[in-house]
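Per chain, numbering begins at 1; letters A, B, ... match sequence-line order. All figures in this text were calculated on a predicted structure; none of them were measured in a lab.
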2 protein chains.
Amino acid sequence: MASSTQLVIEDDRQPARLGDRVYQQIKEKLIRGAYEPGDKLTVRGLAEDLRVSSTPARDAINRLALEGALVYAGPKTVIVPHLEPQALEEITLMRLALEGLAAEKAAARVVDEDIEALKEMQLQINAGLDERRYAEALWSNKEFHFLIYKLCGMPYLLATIETLWLRIGASFNDLYPEFAEAKYGVHNHMAAIEGLVERDGSAVRAAIESDIRDGYRRIKRANRERHAGRSRPA
Amino acid sequence: MASSTQLVIEDDRQPARLGDRVYQQIKEKLIRGAYEPGDKLTVRGLAEDLRVSSTPARDAINRLALEGALVYAGPKTVIVPHLEPQALEEITLMRLALEGLAAEKAAARVVDEDIEALKEMQLQINAGLDERRYAEALWSNKEFHFLIYKLCGMPYLLATIETLWLRIGASFNDLYPEFAEAKYGVHNHMAAIEGLVERDGSAVRAAIESDIRDGYRRIKRANRERHAGRSRPA
DNA sequence: GTGTGTTTTTTGTTGCAACATAAATGCAGT
DNA sequence: ACTGCATTTATGTTGCAACAAAAAACACAC
């Protein structure tokens with residue numbers, strides 16, 4: 001919707017492969033909450049929306065489904081997944097293991113500029129929260145975390161963590177307003193920065209783990225409260 | 001080459017999608033060591049070998065590359081990856097985090113039949129080792145580990161761990177003879193079984209972590225010794 | 001209305017040809 | 001021999017039509 005008809009150059013770092021572009025766009029929409037859990041995606045529908053043929057659209061859908069960002073509701077039906085409590089718990093346990101690892105290793109390689117960038121990003125989170133610009137705050141929150149994880153220099157780990165975030169992104173966005181009320185995560189983020197300053201890997205890990213656990217509790221509660229009003233999520 | 005011309009039914013659990021079949025076959029070859037690090041795979045080459053069109057072949061290659069089981073050596077060149085020390089370390093750290101998690105959670109859900117199956121599998125590993133049937137022993141070793149990981153009932157975790165094994169599979173096979181000399185892993189496996197018997201999650205985690213660490217040291221040494229004779233791996 | 005069987009429409013997958021470009025090859029020139 | 005460049009070959013990606021199968025729409029009996 002935002003892009004003009006079929007301009008080839010959108011920006012100078014456009015992925016060479018068309019399928020990658022489609023993938024990135026869907027991924028972005030997913031993280032930003034443009035889709036709701038249960039929404040159905042089709043090859044031809046995507047192809048038409050993004051003005052490409054079915055091959056790249058199909059590539060993107062398959063890739064997203066492979067990563068768990070989309071799920072099969074039937075042999076020919078892929079949808080944006082609902083956040084089942086069991087899936088949320090599994091993802092949270094994996095996040096604790098993997099992001100904990102990344103956080104711990106980050107402390108060994110951080111330099112002062114990184115810490116400045118982190119503080120800057122935290123300011124943006126706070127601003128977004130204060131002004132009730134939740135989508136923006138959520139985005140900044142993601143940036144904050146990945147700023148840390150990037151430090152450890154483990155590309156495959158980073159990619160794996162990204163798929164975990166992608167997997168809960170849609171539902172996260174969906175719940176965010178109620179989720180963000182209590183200045184979520186600020187304390188933990190400050191503790192993480194402090195740990196980085198001290199180059200104390202255990203402290204950074206503890207802060208990140210605490211952040212993940214707090215988020216887990218909060219989103220579980222929000223989810224419960226929301227479903228209290230309806231008979232079933234679907 | 002092995003299959004007849006275009007028989008539709010090969011076995012009754014054949015994946016519906018052709019691309020999945022290609023994927024499974026390459027994956028199998030990779031884990032069994034049919035390819036060597038550096039081997040180049042092409043869409044048309046695979047398509048011809050497996051008597052399919054380029055679309056499923058391309059799907060399989062892209063998926064494998066996405067999982068890291070194949071890597072890009074150039075924009076149009078995918079190869080079986082070499083095991084760089086840095087990549088090995090990253091994968092090992094992720095394995096410790098994820099397989100440690102799976103091992104710990106497995107203790108809470110194990111039943112006696114599972115333990116019997118595990119003991120049986122260990123017998124097969126020992127037999128394979130004794131008779132110098134290394135590929136078989138390696139396969140049984142994989143089965144042993146995944147028998148444990150399956151217990152925790154976390155499907156996405158299992159899938160992620162599988163991609164880690166796939167990623168080091170080719171090089172593992174390549175190095176296995178020298179790697180297996182010293183009855184690798186038997187002690188750790190017994191400790192894991194013992195921990196399962198006691199329903200002691202920490203003990204199972206410790207045993208699996210120890211197993212992973214032992215394997216890491218051993219394969220690193222094997223790799224070093226091998227490269228001592230040559231100027232460069234390639 | 002509810003459930004069941006049938007028809008129609010939609011959908012993913014596959015094979016294939018065209019295209020742009022990367023990789024391989026050949027060839028001077030030194 | 002070896003490097004640098006031009007030519008040729010090989011390769012990944014894309015778009016598209018055909019097909020089988022699933023999903024949706026529909027009709028009808030109870």
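Note on Leu41(A): only backbone sugar-phosphate atoms sit closer than 4.0 angstrom, heavy atoms only; bases stay farther off. In this structure, Gly45(B) reaches neither bases nor backbone, as no heavy-atom distance under 4.0 Å exists between it and the strands shown. Looking at heavy-atom distances under 4.0 Å, Thr42(A) makes contact with sugar-phosphate atoms alone, never a base. Note on Thr77(B): only backbone sugar-phosphate atoms sit closer than 4.0 angstrom, heavy atoms only; bases stay farther off.
Here the C1' atom of nucleotide dA21(D) and the OH atom of Tyr72(A) are 15 Å apart, to the nearest Å. dT13(D) atom P lies 11 Å from atom CZ of Arg44(B), rounded to whole Å. In this structure, the CD1 atom of Ile79(A) is 21 Å from the P atom of dT10(C), given to the nearest Å. Rounded to an integer number of Å, the gap from CZ of Arg51(B) to P of dT14(C) is 18 Å. Straight-line distance from the CD atom of Glu48(A) to the P atom of dT10(C): 12 Å, rounded to whole Å. Rounded to an integer number of Å, the gap from Asp59(B) CG to dG12(C) P is 14 Å.
A donor and an acceptor atom, one from each side chain of Tyr23(B) and Glu67(B), are located under 3.5 Å apart.
Residues Asp114(A) and Arg109(A) share a closest heavy-atom pair of OD2-O, 4.4 Å.
Two rings, from Trp165(A) and Phe146(A), have their centers less than 6.0 Å apart.
You'll find the side chain of Glu90(A) reaches within 4.5 Å of the side chain of Pro155(B), heavy atoms only.
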